[in-house]
S.K.: 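Handing you this structure, nothing more for now.
In each ligand, atom 1 is the first atom listed, and ligand 1 is the first ligand listed. The first residue of the sequence shown is numbered 1, and numbering continues consecutively from there. Not measured: the values here are computed from a predicted model.
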Amino acid sequence: MSAKIISGTEVAKAIREELKVEVSELKEKHNVVPGLVTILVGEDPASQSYVSAKNKTAHALGIHSEQVTLDADTKEEDLLALVDKYNKDDKINGILVQLPLPKHINEAKVLYAIDPEKDVDGFHPVNVGKMVLGEQCFLPCTPHGILELLVRSGVETSGAEVVIVGRSNIVGKPMANLMLQKRPAGNATVTLCHTRTKDMDAHLKRADIIIAAVGVANMIKADQVKEGVVVIDVGVNRIGMTDSGKAILAGDVEFASVKEKASAITPVPGGVGPMTITMLMKNTVQAAKQAAGLI
Ligand code: NAP
């Protein structure tokens, strides 16, 4: 069997088209223009490219976007003051502070300072708590994007054995929580694996759906998965450089071998990545509608 390739690029494109229409209707009917600010501290090249992709996408959808780049030695209090300024700015509905922050800044303190109504990354404890309770909130972008990918690719999750590898706060933990809820792409029986998991192979082998969010290139191989499994590969690992200086990326799953056994699989790049940025835009539009009292 050769797997169906679940193209995040294609699904993201369809959602962006829908968002573009929604943004234009918001402007025409309600004079509302969603606004997003991205705040980057320092010059990490990967963070720079993520932030620039976010602003470019926002711009293409008609979302007002501002980008602030601060020196790596910016004081925590100055960053907090900037967040506070945007909390009070009516033109801005979403505030994104690009992670990781330099070591001298307390990341939690900064994320908790963002107004939960503008927390379009979905990292504030108020939004995390609401997510766990299944209430309306901003869902974290990567798990949100994976839910959309599963729904729009017609993957049946109800009653499925889902094995998630990786328990980070931004991917693994929220993913597990969302997939066990009574919701689209939910109702699954979820197992969450990590470095202390005993006999990872036994868990992987019985999985109907594997979600890999580990950060180890090509870690999961074909002999560890069952025939017909659906694989969502979140990993983005830089494994080299092309002659032109472009990063060569690999996922956490050995794509070439696993695709021969899986029924469906996401590629890296072009799988989960484009969905993450798209869900940030969706959350920003949701924030604008909430601020305008439209939802
Ligand atoms: P993270 O915070 O580093 O967490 C990695 C998790 O994987 C941890 O829970 C760790 O277990 C587990 N792990 C590491 N090595 C393992 C092993 N050998 N066996 C079993 N579990 C292992 O990572 P993250 O932020 O979730 O990111 C994971 C990957 O996804 C990275 O490659 C990242 O670049 C990528 N990512 C992609 C997107 C996207 O939009 N495409 C978004 C976010 C992240 P312990 O907890 O026991 O240490």
S.K.: Taking only distance into account, with no hydrogens and no angle test, what donor-acceptor pairs under 3.5 Å do side-chain atoms of residues 22-41 form with protein atoms, sequence neighbours excluded?
M.R.:
from	atom 1	to	atom 2	distance (Å)
Glu22	OE2	Lys289	NZ	2.5
Thr38	OG1	Asn55	ND2	2.8

S.K.: For Thr197, what residues pass the side chain to side chain donor-acceptor pair (under 3.5 Å) criterion, not counting sequence neighbours?
M.R.: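 If we apply the side chain to side chain donor-acceptor pair (under 3.5 Å) test to Thr197, skipping adjacent residues, there are no hits.
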
S.K.: Counting distance only, does the side-chain N/O of Asn283 pair as donor-acceptor with the main-chain N or O of Leu139 below 3.5 Å?
M.R.: yes

S.K.: Give a yes or no answer on whether the side chain of Asn218 reaches the backbone of Asp252 with a donor-acceptor pair at less than 3.5 Å.
M.R.: no

S.K.: Using modelled atom types and a 3.5 Å cut-off, is there a donor and acceptor pairing between side-chain atoms of Lys261 and backbone atoms of Ala222?
M.R.: yes

S.K.: Could you check ligand 1 for N or O atoms lying under 3.5 Å from protein N or O atoms and list the pairs with distances?
M.R.:
from	atom 1	to	atom 2	distance (Å)
ligand 1	9 (O)	Arg167	N	2.8
ligand 1	26 (O)	Ser168	OG	2.6
ligand 1	32 (O)	Val236	N	3.0
ligand 1	32 (O)	Val236	O	3.4
ligand 1	40 (O)	Thr276	OG1	2.6
ligand 1	46 (O)	Arg167	NE	2.7
ligand 1	47 (O)	Arg167	NE	3.4
ligand 1	47 (O)	Arg167	NH2	2.8
ligand 1	47 (O)	Thr195	N	3.1
ligand 1	47 (O)	Thr195	OG1	2.4

S.K.: Not counting sequence neighbours, which residues clear salt bridge (Lys or Arg N to Asp or Glu O under 4.0 Å) with Lys226? List them please.
M.R.: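 Lys226 satisfies salt bridge (Lys or Arg N to Asp or Glu O under 4.0 Å) with Asp208 once adjacent residues are dropped.
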
